[in-house]
Amino acid sequence: MKDIQNEKPARSRNFIEEIIEEDIREGKNDSRVHTRFPPEPNGYLHIGHAKSICLNFGLADKYNGLTNLRFDDTNPVKEDVEYVDSIMEDVRWLGFDWGDRLYYASDYFGQLYEYAVILIKKGKAYICDMPAEEISATRGTPTRPGKESPYRNRTVEENLDLFGRMRAGEFPDGTRVLRAKIDMSSPNMHMRDPILYRILHTNHHRTGDAWCIYPMYDFAHGESDSIERITHSICTLEFEVHRPLYDWLIREIDIYAPRQIEFARLNLSYTVMSKRKLLELVKEKYVQGWDDPRMPTICGLRRRGYTPESIRNFADIIGVAKRDNMIDVSLLEFCIREDLNKQANRVMGVLNPVKVIIDNYPERQVEEMEAAVNPENPEAGTRKVPFSKELYIEREDFMEDPPNKFFRLAPGREVRLRAAYIIKCESVEKDPVTNEITAIHCYYDVNTKSGMPDSNRKVKGTLHWVSASHAVEVDVRLYDRLFVVPDPDNAEEGKNFKDYLNPDSLTEVKGYLEPSIRDAKIGEKYQFERLGYFVVDKDSKAKSLVFNRVVPLRDSWARIEGQK
RNA sequence: UGUCCGAUGGUGUAACUGGCAACACAUCUGAUUCUGGAUCAGAAGAGUCUAGGUUCGACCCCUAGUCGGACAACCA
């Protein structure tokens, strides 16, 4: 039988998939696909890492392969278990499983040491006694060749002896390094006798004080991939120039060679993505922590109310290529709206209330109105919303002197109250001093209750509302983009990214919600009808709920308004 | 004045590997709607960085430029 789904063209392959498929076709590595996600545990993961995670795990999944999680923990002075834990939590939360393949570069310190010895014995590596500044100074520049170290031609015996004594802890930090002996005049800076090992008398989060010399990333990374028999080492563009070094190392040590493929990292508008800058925002308290809902970190997005599905879908949509890119946040927002529109239960709540009094509604009467929990998902059923004489509606939903495009409440005009009656505005009460509207008087049409025949009457606007005496007061945090410019990394002369922070990225207000919200649990997402999607924040207490706005609904009225 | 990489609508990614450019987001119209949401239908928007060349035919191959990015931590 023909597979009907094949009728519709499959999503075209990205360049990495093409490479992998070619390798499979040619039977490389017995057509095996094995990738890895190799974070350094020195910070929290962000949406850029999510792209890489989805890519690596996604590729393995697509080609029936495997993906390892490996911590590149070769620099104990910067790394910490706090980060290890958060990284694992985030990868898992995103929906990926590394099975029993959790590794650490530090697992390989013994093996790596042996590899170094091999290089020394082959005369391909030597101990250099120059201080850091001198090594740097003799490295040359991209356009000018470097100078050879005076220690470059030590004998194999001497190098072996010195390396052993480095390891034994005989020398203080910074006094000696192991360097590869390649070519000080190579046009590729990374080939100018790169440092392989340095002395660091620092406790390592896993190996404790077993080592006082640690391999450099360039030495550890490719070899770790080799040890794990990774078939395709997917990494970002900046490592492209390192590849010749990795190839050299692998060839000289004579071990299994993975294939490295570089792709362009993700850039998102109106935010920053570098760990250093993110750390700065946290340390200098511009945000409240790594999981501040304004942060592009995975934990920040999670707290903001993003779902793993929406992020995975985002990673899929943006694609993979080699050219530098800047993705518009509106695409991320599209992804979460699309997901939450289908998932989130609806609830009515007013954030900027103004009182509505239904003059012809019986004084003490309360009706339980029936409303769909989620119109996009009939199976979710209905909920009861209490209706009474005094209500709150959104202050912006009323205008005394409206333009004709305004479909909401105004003197003499009719609107529908969602899931309730059609009401007509009769008069307005104002504060004599401030002239602010304090109450709107309306009449309701008894025959227009939802479901009744007369309720089919056409009215232009439908408003959300909440019964004043039944409203549950909650705290609401309205988030906006963290920066006011699309590309804060690209600061003009004399400024830095922090000069572009959005002072209004967080606004805290009270919200008045329908009573059904009382059962809300931390992490649950709701659509506040006509307002946006909100998630219950972990700061919530039993009697005081705190909501984070994930993203507002698309608002074409605001767009019309904005055009003026 | 080095090496490596890249260049397709506003943004991102495609184009069956040479047959006159598609999809998504954003934008705009209209329909529909008890969310100015969602949904549905449609429109506009690039002739593929430039100049040569190969070819019946080039986004795709070649040459030379232009522009952009990465690389000079004992960071990863």
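Order of the sequence lines sets the chain letters (A, B, ...), proteins ahead of strands, with each chain counted from 1. Quick caveat, the model's predicted, so the values are computed rather than measured.
When heavy atoms are screened at a 4.0 angstrom cut-off, A/Tyr197 is found touching no nucleic acid atom at all. Counting non-hydrogen atoms under 4.0 angstrom, A/His221 reaches nothing in the nucleic acid. Counting non-hydrogen atoms under 4.0 angstrom, A/Ser186 reaches nothing in the nucleic acid. Residue contacts shown for A/Ala132 include a base, since a base heavy atom lies under 4.0 Å away. Using a 4.0 Å heavy-atom cutoff across all strands shown, A/Glu529 reaches at least one base atom of the nucleic acid. Looking at heavy-atom distances under 4.0 Å, A/Met326 makes contact with sugar-phosphate atoms alone, never a base. Nucleic acid contact for A/Lys405: base, since at least one base atom lies under 4.0 Å from a heavy atom of the residue. Using a 4.0 Å heavy-atom distance criterion, A/Pro131 is classed as a base contact. If you check every strand for non-hydrogen atoms under 4.0 Å, A/Thr141 touches a base. At the heavy-atom level, A/Val77 lies nowhere under 4.0 Å from the strands shown. Using a 4.0 Å heavy-atom criterion, one finds that A/Phe334 contacts the sugar-phosphate atoms exclusively.
In this structure, A/Asp193 does not pair ionically with A/Lys181, as no charged nitrogen and carboxylate oxygen lie closer than 4.0 Å. With respect to A/Asp107 and A/Arg206, a salt bridge is recorded, a charged nitrogen being found less than 4.0 Å from a carboxylate O. The existence of a salt bridge linking A/Lys384 and A/Glu368 is excluded, since no basic side-chain nitrogen approaches an acidic carboxylate oxygen closer than 4.0 Å. Using a 4.0 Å cut-off between charged nitrogen and carboxylate oxygen, A/Glu240 and A/Lys322 count as a salt-bridge pair.
When the nucleotides B/A76, B/C25, B/U35 are ranked by their closest atom to the side chain of A/Thr462, B/U35 comes out on top. With B/A76, B/G36, B/G12 as the choices, the nucleotide that has an atom nearest any side-chain atom of A/Ile327 turns out to be B/G12. Side chain of A/Phe406, nearest nucleotide from B/U33, B/A70, B/G36: B/G36. You'll find that the side chain of A/Ile135 is closest to B/C74, out of B/C74, B/A76, B/G2. Among the nucleotides B/C75, B/A73, B/G12, the one closest to the side chain of A/Asn325 is B/G12. Checking B/G36, B/C5, B/C25 against every side-chain atom of A/Ile560, the shortest atom distance belongs to B/G36. You'll find that the side chain of A/Arg323 is closest to B/U13, out of B/U13, B/G36, B/C71. With distances taken from any side-chain atom of A/Arg198 to the nucleotides B/A26, B/C74, B/G36, the minimum falls on B/C74. Taking every side-chain heavy atom of A/Leu331 into account, B/C25 is the closest of B/G36, B/C25, B/A73. Taking every side-chain heavy atom of A/Arg408 into account, B/G36 is the closest of B/C25, B/G36, B/G12.
Base orientation of B/G47: syn, since the glycosidic angle falls within 90° of 0. Base orientation for B/U17: syn, the chi torsion being within 90° of 0. Taking the O4'-C1'-N9-C4 or O4'-C1'-N1-C2 dihedral as appropriate, B/A73 has a value within 90° of 0 and is therefore syn.
With 3.5 Å as the limit, one finds a donor-acceptor pair spanning the side chains of A/Glu396 and A/Asn352. For A/His205 and A/Asp80, the side-chain atoms include no donor-acceptor pair closer than 3.5 Å. Between the side chains of A/Glu79 and A/Asn42, no donor N or O sits under 3.5 Å from an acceptor N or O.
Pairing for B/C60 is absent, with no Watson-Crick or G-U wobble pair whose two atom distances lie under 3.5 Å. Summarising the base pairing, B/G45 is matched to no nucleotide, lacking a Watson-Crick or G-U wobble pair whose two defining distances lie under 3.5 Å. A 3.5 Å limit on both hydrogen-bonding distances identifies no Watson-Crick or G-U partner for B/U1. Using N1 to N3 plus N6-O4 or O6-N4 for Watson-Crick, or N1-O2 and O6-N3 for G-U wobble, each under 3.5 Å, B/G18 pairs with nothing. The partner of B/C74 is absent, by the rule that a Watson-Crick or G-U pair needs both atom distances under 3.5 Å. Across all strands shown, B/C67 forms a Watson-Crick or G-U wobble pair, both distances under 3.5 Å, with B/G6. Base-pair partner of B/G30: B/C40 (Watson-Crick or G-U wobble, both distances under 3.5 Å). Across all strands shown, B/U54 forms no Watson-Crick or G-U wobble pair with both key distances under 3.5 Å.
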Polar atoms only, N or O, under 3.5 Å: list the protein pairs with nucleotides 37-41 of chain B and their distances.
from	atom 1	to	atom 2	distance (Å)
B/G37	OP1	A/Ser556	OG	3.0
B/G37	N2	A/Glu376	OE2	2.8
B/A38	OP2	A/Arg554	NH1	3.4
B/A38	O2'	A/Asn341	ND2	3.3
B/A38	O2'	A/Glu376	OE1	3.4
B/A38	O2'	A/Glu376	OE2	3.4

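Atom CG in A/Asn14 sits roughly 10 Å away from atom P in B/A15 (whole-Å rounding). In this structure, the NZ atom of A/Lys322 is 17 Å from the P atom of B/G69, given to the nearest Å.
On the P atoms, B/A76 is 41 Å away from B/C60, given to the nearest whole Å. Rounded to the nearest Å, the gap between the C1' atom of B/G47 and that of B/C59 is 10 Å. Remark: the separation of the P atoms in B/G53 and B/G69 is 32 Å, to the nearest Å. For B/A70 and B/U54, the C1' atoms lie 33 Å apart once the distance is rounded to whole Å. Across B/A14 and B/A24, the matching P atoms stand 16 Å from one another, rounded to whole Å. Comparing B/G19 with B/C62, their P atoms are spaced 16 Å from each other, to the whole Å. B/A7 and B/C16 have their P atoms separated by 15 Å, given to the nearest Å. Spacing of C1' atoms, B/C4 relative to B/A41, comes out at 49 Å, to the nearest Å.
The ring-ring contact (aromatic ring centres under 6.0 Å, His included) test with A/Tyr197 is passed by exactly one of A/Tyr126, A/Phe163, A/Trp211: A/Phe163. Of the options A/Phe547, A/Trp465, A/Tyr533, a ring-ring contact (aromatic ring centres under 6.0 Å, His included) to A/Phe528 is made by A/Phe547 and by none of the others.
Residue order along RNA chain B, read from the 5' end via each residue's closest nucleotide, puts A/Ser330 first among A/Ser330 and A/Asn374. Both A/Met452 and A/Ile318 sit near RNA chain B, but only A/Ile318 has its closest nucleotide nearer the 5' end.
A donor-acceptor pair under 3.5 Å is formed between the side chain of A/Asp173 and the backbone N or O of A/His201.
Of the side-chain N and O atoms in A/Thr143, none sit less than 4.0 angstrom from OP1 or OP2 of B/U3. In this structure, A/Ser136 reaches the B/A73 phosphate: one of its side-chain N or O atoms is under 4.0 Å from OP1 or OP2. Note on A/Arg192: every side-chain N or O is 4.0 Å or more away from OP1 and OP2 of B/A72. For A/Arg139, no side-chain nitrogen or oxygen approaches OP1 or OP2 of B/G2 to under 4.0 Å.
Aromatic pair A/His49/A/Tyr44: centroids not less than 6.0 angstrom apart.
Of all the heavy atoms in A/Leu59 and A/Glu17, the pair that sits closest is CD1-CG, 3.7 Å.
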